[in-house]
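Because the structure is a prediction, the values reported are computed rather than measured. No hydrogens, no waters, no symmetry mates; every other heavy atom, side chains included, goes into these values.
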Amino acid sequence: MLSGITLTGIHEWEVPLGYVPDMRVSGRLFLSETLGEALEEGAARQLANVATLPGIIGHSFGMPDIHWGYGFPIGGVAAFSEDEGIISPGGVGFDINCGVRLIATPLTLGDLTDRTSIITELFKKIPTGVGSKGSLRFSGSALDELLGRGSAYVIEEGLGLPDDALLCEENGHMKDADPDLVSEKARKRGEPQCGTLGSGNHFLELQVVSKIHDPLTAQAFGITEGSICCMIHCGSRGLGHQVCTDHIRNMEKASKRYGIRLPDRQLACAPLTSSEGQNYFGAMAAAANYAWANRQIITHDLRTLFESLFRIDYNEMPLIYDVAHNIAKWEEHIVSGKTQRVCVHRKGATRAFGPGRAELPGKYRDTGQPVIIPGSMGTASFLLAGTETAMQKTFGSTCHGAGRVGSRKAAKKALRGSEVSADLKKQGIIVMAPSGDAIAEEAPSMYKPSEEVVRVVDEAGLSRIIATLMPLGVIKG
DNA sequence: ATGTAC
């Protein structure tokens, strides 16, 4: 572990005041000894830098998948007070509401013997890759509706089941969204892209439930051992990216205007009460709604394809849950014994609300919310449940995934996509992507083991492991 | 992550 950072609990480390100058609160990191050895000095410094920002409450948090990011670390969580706090695009990330959802099916392994043809059909149906366009166009008032209402709008347009929106974090819709705050440039980028996967670590994957760790909760979540489910990981595409870019420029000016001292200009931010802060919030929320609509349309395409490939019905493929990995939002948390409204930034982190929270759908209110943690192409993904400990310790937050070990550039140099695909095929996993490089960059060996990250949050109490999901076939960008 | 460049 880096010097100055000390163990204070189970997998819990303190980044003390003074780790960088002007920290207002200390940092908290959740790491095993092994993951601690891999902690980048830059990521620890970024975590400490966040602790210097006005109005931060509690601690600046780092999850076990923490790594260096734009300004704020990826795998970071920070909450800010309503009156003195700030909002920062760097604390959300470029891919606003990048997130993941899990869909159940009535299928079992025996139904998926010809995985190559199933993955081929999915790859034909769902556009992937940088700049990819879908078959639908949302412009003018349709785009306003989509940005303003998220999942609910596309479901009303016939692209989902009535319950789908309720089974998303925030019910698939941030009500603070203001489509008028999304620039024309961002809108233009978004018009043809809703219903597309994108590139990088985004994917659609067919998985088998290989192990149930908690039968009662698994039952409440609607999954059984041996059943097939589908995980979709994507975000707000070029639209969200453009919203972030647009507002970072504004925020750089705003930080100066409000006299906020920044240890790193990538922490550009504005008071939550300022017009710049509220403008970003409204645009970010609209981009978040776009991302939920995006995952919803892909879900619709999956269901209609599976209806035609198998003898199953659209409504036999319910959404288990949909979580955001990159978002900032208002939430009520108990701070020093009092309920307080705070703006929680989660960047590469997942909400993990425990039992009893009013925001959760009735059927998950006793178990805590489903938390969906993707692994890499060849490794396990996990379904977990939120906990009361997460409410008390991390503003109801946990990790979001495995985290890279090597750069994309290094991956392309060291590996050939065709060899990675062949290796995966030997394990029974079929991979399709627009290019070999896309597969090389995402090779399982380029990611930390997801098991270790999930073990840490489980043992630290930030969430509970409910089920292990093993990959069978994947389409990537 | 991203029409991978202001």
Side-chain angles (χ1 to χ4, degrees), chain A residues 43 46 65-76 88-100 127-134 137 139 182-204 232-253 265-266 268 280 283-284 286-288 290-292 294-295 298 323-328 345-350 374 376-377 400-404 406-413 433-442 446-447 475-477:
Chain A
Q46 287 187 322
D65 46 349
I66 187 169
H67 54 284
W68 188 90
Y70 180 91
F72 289 56
I74 297 160
S88 173
V92 171
F94 275 83
D95 192 4
I96 295 165
N97 191 7
C98 174
V100 55
T128 67
V130 181
S132 58
K133 294 177 180 180
R137 292 291 176 277
S139 58
V182 176
S183 69
E184 200 49 43
K185 199 172 178 183
R187 292 175 68 105
K188 276 280 167 290
R189 290 180 70 173
E191 279 178 8
Q193 289 191 324
C194 211
T196 68
L197 209 47
S199 67
N201 63 0
H202 290 167
F203 64 79
L204 179 151
I232 297 171
H233 179 202
C234 62
S236 49
R237 308 288 285 105
L239 182 138
H241 192 275
Q242 190 64 46
V243 165
C244 183
T245 304
D246 291 342
H247 284 266
I248 280 173
R249 284 196 204 120
N250 288 348
M251 290 292 190
E252 282 176 350
K253 287 179 235 155
R265 65 182 286 191
Q266 292 185 352
Y280 170 65
M284 181 271 302
Y290 184 95
W292 274 307
N294 189 27
R295 293 195 283 278
I298 295 170
V323 295
H325 284 165
N326 285 2
I327 205 159
H345 290 60
R346 295 193 184 90
K347 179 186 191 181
T350 312
S376 66
M377 295 192 293
H400 87 305
R404 293 193 74 86
S407 71
R408 293 183 178 277
K409 204 173 171 182
K412 279 185 282 194
K413 212 169 175 181
S435 75
D437 278 355
I439 295 175
E441 288 179 10
E442 289 292 308
M446 289 293 127
Y447 280 87
I475 65 170
K476 295 201 55 87

Sugar-phosphate, base or nothing in reach of A:Gln193, heavy atoms under 4.0 Å: sugar-phosphate
Rounded interatomic separation in angstrom, taking NZ from A:Lys185 and C1' from B:dT2: 12 Å
Whole-Å distance between B:dT4 P and A:Glu441 CD? 14 Å
For A:Ile74 and B:dT2, what is the distance between atoms CD1 and P respectively, to the nearest whole Å? 13 Å
Can any side-chain N or O of A:Thr196 pair as donor or acceptor with the backbone N or O of A:Lys133 at less than 3.5 Å? no
Quick one: label A:Lys409 by what it contacts on the DNA or RNA (base, sugar-phosphate, nothing), any heavy atom closer than 4.0 Å. nothing
Remember a base hit wins even if backbone is also touched, and classify A:Arg408 as base, sugar-phosphate or nothing at under 4.0 Å, heavy atoms. sugar-phosphate
Is the shortest side-chain N/O distance from A:Ser199 to OP1 or OP2 of B:dT4 below 4.0 Å? no
What is the distance from CG of A:Asp246 to P of B:dC6, rounded to the nearest Å? 13 Å
Length of the line joining A:Asp437:CG and B:dT4:P, which is rounded to integer Å: 16 Å
All side chain to side chain donor-acceptor pair (under 3.5 Å) counterparts of A:His247, not counting sequence neighbours: none
Classify the nucleic acid contact of A:Gly235 as base, sugar-phosphate or nothing, counting any heavy atom under 4.0 Å across all strands shown. nothing
A:Arg265, CZ atom: more than 12 neighbouring heavy atoms under 6.0 Å: no
Expressed in angstrom and rounded to an integer, what is the separation of A:Gln242 atom CD from B:dA5 atom P? 15 Å
What is the separation between atom CG on A:Asn97 and atom C1' on B:dT2, rounded to the nearest whole Å? 16 Å
Qualifying residues under salt bridge (charged side-chain N to carboxylate O under 4.0 Å, His left out), relative to A:Lys347, sequence neighbours excluded: none
Send over the distance from A:Arg249 CZ to B:dA5 P, rounded to a whole Å. 15 Å
